[in-house]
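Shown next, in structure tokens, is the structure this report addresses.
Atom set for the values below is all heavy atoms of this structure, side chains included, hydrogens, waters and symmetry mates excluded.
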Amino acid sequence: MNASETPDWLPGMQAGQTEALSKCFAEYRPRLERIAQFRLSPRLSTRIDVDDVLQETYLAAAKRLPHCDASSPETVFVWLRLLV
């Protein structure tokens, strides 16, 4: 995706559609996974998996979807990153 292209999920995110959140999350999942892996302490990683963190993040995002600033893909990613 070029910087000038608008992802197909962005209008849906602006409308608060959970299907769009699902597409967005799938696109950003590898980046969010790396962030969660980096931030997860070694002591906690014995009890919690990165997939658990991402699952909780998705559920939190679904609850907070109306509060998301979906003006651009970058702001959506920052919002998801903060939830992680």
Side-chain angles (χ1 to χ4, degrees):
M1 177 173 63
N2 293 336
S4 62
E5 290 182 20
T6 301
D8 62 343
W9 48 261
L10 189 60
M13 285 288 291
Q14 292 167 341
Q17 298 173 350
T18 54
E19 300 84 22
L21 174 63
S22 179
K23 289 180 183 179
C24 169
F25 203 86
E27 182 176 321
Y28 288 135
R29 184 179 175 90
R31 290 174 69 186
L32 296 171
E33 191 172 320
R34 286 192 301 271
I35 291 168
Q37 185 69 42
F38 179 75
R39 301 286 313 241
L40 196 61
S41 80
R43 290 180 63 197
L44 200 56
S45 67
T46 60
R47 290 188 248 162
I48 261 183
D49 190 36
V50 172
D51 289 329
D52 297 331
V53 173
L54 293 180
Q55 182 179 10
E56 289 295 322
T57 301
Y58 180 82
L59 293 173
K63 286 181 185 176
R64 295 177 175 98
L65 188 56
H67 305 289
C68 176
D69 175 15
S71 57
S72 72
E74 292 82 15
T75 59
V76 174
F77 175 73
V78 169
W79 177 68
L80 289 172
R81 186 188 70 195
L82 289 173
L83 292 176
V84 168

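- The two residues Ala70 and Gln14 come nearest to each other via the heavy atoms O-NE2, 2.8 Å.
- Here Leu82 is tied into one hydrophobic group with Val78, each link being a pair of ILVMFWY side chains closer than 4.5 Å.
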Residues 47-57, side-chain donor-acceptor partners within the protein, below 3.5 Å, at least two apart:
residue, atom, partner, partner atom, Å
Asp51, OD1, Arg29, NH2, 2.9
Asp52, OD2, Asp49, N, 3.3
Thr57, OG1, Val53, O, 2.8

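- The two residues Arg81 and Ile35 make their nearest non-hydrogen contact at CG-CD1, 3.6 Å.
- Taking each heavy atom of Val76 and Met13 in turn, the nearest pair found is CG1-CE, 3.7 Å.
- Residues Trp79 and Ala61 share a closest heavy-atom pair of CH2-O, 3.4 Å.
- Side-chain atoms of Trp9 and Ser22, non-hydrogen and from C-beta on, never get closer than 4.5 Å to each other.
- Here the CG atom belonging to Asp69 is positioned 4.5 Å from the OG1 atom belonging to Thr75, to the nearest 0.5 angstrom.
- Shown here for Ala20 and Gly12, the closest heavy-atom pair between the two residues is CB-C, 3.4 Å.
- For the pair Leu83 and Tyr58, the minimum side-chain heavy-atom distance is 4.5 Å or more.
- Taking every heavy atom of both residues into account, Ala26 and Pro30 meet most closely at O-CD, 3.9 Å.
- Proximity of Phe25 to Leu80: side-chain heavy atoms (C-beta onward) are separated by under 4.5 Å at one or more points.
- We find the CG-SG distance between Leu10 and Cys24 to be 8.5 Å, quoted to the nearest 0.5 Å.
- Residues Asp8 and Lys23 form a side-chain contact, since some pair of their non-hydrogen atoms from C-beta on lies under 4.5 Å apart.
- With values rounded to the nearest 0.5 angstrom, Gln37 atom CD is found 13.0 Å from Leu32 atom CG.
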